[in-house]
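Note that this is a predicted model, so its numbers are computed, not measured.
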Amino acid sequence: MQGTVDGFSYGLVTPLVAYLMACLGGALGLRCTTRSMLVAGRWRAGWLAMGAAAIGSGIWTMHFIAMMGFTVRETPIHYDKPTTFASLAVAIVMVGIGIFIVGYKRATGTALFTGGTITGLGVASMHYLGMAGMRLNGKLTYNTFTVSVSVVIAVVAATAALWAAGQVRGFLWSVGASLVMGLAVTGMHYTGMGALSVHLHGAAGSTPGGESPATLLAPMMIGPLAFLLLAAVVVMFDPLMIMGRPTTWSSTERRPGIPAHATAAHLGRRPTSSSRRHHQRPRRSSSRTPQNW
């Protein structure tokens with residue numbers, strides 16, 4: 001027997017809230033990735049890790065907010081807790097791999113293609129692993145072509161977002177990229193849901209295993225939401241992110257072959273009076289007695 005699937009049981013509320021969460025996670029993740037390209041060492045790794053966690057938490061929260069509006073009329077839907085947790089871990093780890101590739105190799109050429117592909121596959125894996133955690137009195141089947149389209153959407157969206165993060169063009173640029181990324185991730189989710197069919201078992205009145213969405217998903221989303229709020233505070237109060245330009249002292253001051261006074265000029269500081277006197281030639285000198293410098 002075919003189940004009656006409804007992905008919009010609360011109307012447009014769940015799609016809009018899901019889209020906003022995808023945009024928030026994407027915006028924070030892209031700003032962290034952009035910030036990482038302006039520093040080096042452990043600071044870069046820290047910003048990239050925060051970006052991966054922000055994007056992973058954002059798309060995971062988006063997915064399960066959208067799933068709050070998903071119902072099958074003939075059977076209740078429960079969720080398996082380990083599988084649901086695993087989908088969050090997969091999202092953060094795979095998105096992190098893609099972001100680290102771009103963060104250290106720059107968003108160009110092979111690195112961008114590889115990082116975008118891995119990140120997109122991470123988004124798709126999170127979605128279908130989360131769907132695998134559903135427990136209902138039926139069997140889930142998918143249309144192969146529609147699933148393939150959803151994966152392509154995820155990969156293209158991830159690649160475009162990472163390319164935008166590598167442009168380092170300021171706050172508004174990242175906001176625009178996050179809006180596009182949120183639209184693509186949400187579109188990927190509902191495309192994947194469009195590939196779903198539910199074939200019910202005979203015993204339609206039995207209760208499936210697992211936990212109900214209200215008892216499992218609502219408490220589980222508190223952690224990712226709290227992290228996104230913390231990441232937003234960190235990004236908002238980071239002065240370099242607000243200014244939107246890289247620090248120049250680290251790359252210029254350590255460059256071999258550049259005099260110290262040239263570095264000072266590059267940083268916008270005038271050379272001191274003693275340094276100017278040091279580089280000026282004396283106008284006249286005596287040929288009889290040497291000058292004492």
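Contact check for Leu24 versus Met21: side-chain heavy atoms found under the 4.5 Å cut-off. Annotation: side chain of Asp80 is in contact with side chain of Pro82 (closest heavy-atom distance under 4.5 Å). Annotation: side chain of Ser57 is in contact with side chain of Ile92 (closest heavy-atom distance under 4.5 Å). A 4.5 Å side-chain heavy-atom check between Tyr190 and Thr186 finds at least one atom pair inside the cut-off. Between Leu200 and Gln2 there is no side-chain heavy-atom pair separated by less than 4.5 Å. When side chains are defined from C-beta on, Leu121 counts as touching Met94, because their heavy atoms get closer than 4.5 Å. The shortest side-chain heavy-atom distance between Met181 and Cys23 does not fall under the 4.5 Å cut-off. Put simply, the side chain of Tyr19 reaches to within 4.5 Å of the side chain of Leu183, judged on heavy atoms.
Under the 4.5 Å side-chain contact rule for hydrophobic residues, Met68 and Val5 share a cluster. Note on Tyr10 and Leu16: separate hydrophobic clusters, where clusters join Ile, Leu, Val, Met, Phe, Trp and Tyr whose side-chain heavy atoms are under 4.5 Å apart, directly or indirectly. Ile97 and Phe113 fall into different hydrophobic clusters, where Ile, Leu, Val, Met, Phe, Trp and Tyr are joined by side-chain heavy atoms under 4.5 Å apart, directly or via other members. Note on Phe145 and Met193: same hydrophobic cluster, where clusters join Ile, Leu, Val, Met, Phe, Trp and Tyr whose side-chain heavy atoms are under 4.5 Å apart, directly or indirectly. Under a hydrophobic clustering in which Ile, Leu, Val, Met, Phe, Trp and Tyr are joined whenever their side-chain heavy atoms come within less than 4.5 Å, directly or via other members, Ile118 and Val156 fall into different clusters.
Listed here is the closest heavy atom pair of Val185 and Val123: CG1-CG1, 4.4 Å. Closest non-hydrogen pair, Ile99 versus Leu162, comes out as CG1-CD2, 4.0 Å. Summarising the geometry of Gly26 relative to Ser178, their closest heavy-atom pair is C-CB, 3.9 Å, with the distance given to 0.1 Å. Considering every non-hydrogen atom in both Trp60 and Thr84, the closest pair reads NE1-O, 3.4 Å. Residues Gly3 and Glu74 share a closest heavy-atom pair of CA-OE1, 3.5 Å. Across all non-hydrogen atoms, the minimal contact from Gly192 to Ser150 is N-CB, 3.9 Å.
For the atom pair Ile101 CD1 and Leu112 CG, the distance stands at 10.5 Å (nearest 0.5 Å). With rounding to the nearest 0.5 Å, the separation of CG in Leu140 from NE2 in His199 is 9.5 Å. Rounded to the nearest 0.5 angstrom, Leu88 CG and His63 NE2 are separated by 11.5 Å. How far CZ of Phe64 is from NE2 of His127: 10.0 Å, rounded to the nearest 0.5 Å. How far CZ of Phe227 is from OG1 of Thr61: 10.5 Å, rounded to the nearest 0.5 Å. Atom-to-atom distance recorded for Met188:CE and Ile59:CD1 is 8.5 Å, nearest 0.5 angstrom.
Put simply, the side chain of Ser125 never gets that close to the backbone of Gly122: no donor and acceptor are under 3.5 Å apart. Between the side chain of Thr114 and the backbone N or O of Thr110 there is at least one donor-acceptor pair closer than 3.5 Å. Remark: the backbone N or O of Gly69 is paired with a side-chain donor or acceptor of Ser9 at under 3.5 angstrom.
Taking the six-membered ring for Trp and the full ring otherwise, Phe8 and Phe70 have centroids separated by 6.0 Å or more.
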Step by step, would you call Arg35 with Arg31 a side-chain contact (heavy atoms from CB on, under 4.5 Å)? CA-CA 6 Å; Arg35 181 64 170 85; Arg31 292 307 287 167; over 6 Å; no

side-chain contact (heavy atoms from CB on, under 4.5 Å) between Thr4 and Val72, intermediate numbers included: CA-CA 5 Å; Thr4 306; Val72 180; 5.8 Å; no

For a side-chain contact (heavy atoms from CB on, under 4.5 Å) check, start with the C-alpha distance between Met131 and Leu196, then their side-chain angles and the critical distance, and finish with the verdict. CA-CA 10 Å; Met131 296 298 294; Leu196 175 67; 3.6 Å; yes

Decide yes or no on side-chain contact (heavy atoms from CB on, under 4.5 Å) for His78 and Leu136, but give the supporting numbers first. CA-CA 6 Å; His78 290 180; Leu136 47 80; over 6 Å; no

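Taking the six-membered ring where the residue is Trp, Phe100 and Tyr104 present parallel rings, their angle staying beneath 30° rather than reaching 60°.
In this structure, a donor-acceptor pair under 3.5 Å is absent between the side chains of Tyr128 and Ser87.
Of the candidates Val147, Val152, Ile153, Val151, Thr191 forms a side-chain contact (heavy atoms from CB on, under 4.5 Å) with just one, namely Ile153.
Geometrically, Arg135 does not engage Tyr79 in a cation-pi contact defined by less than 6.0 Å to the ring centre and at most 45° from the axis.
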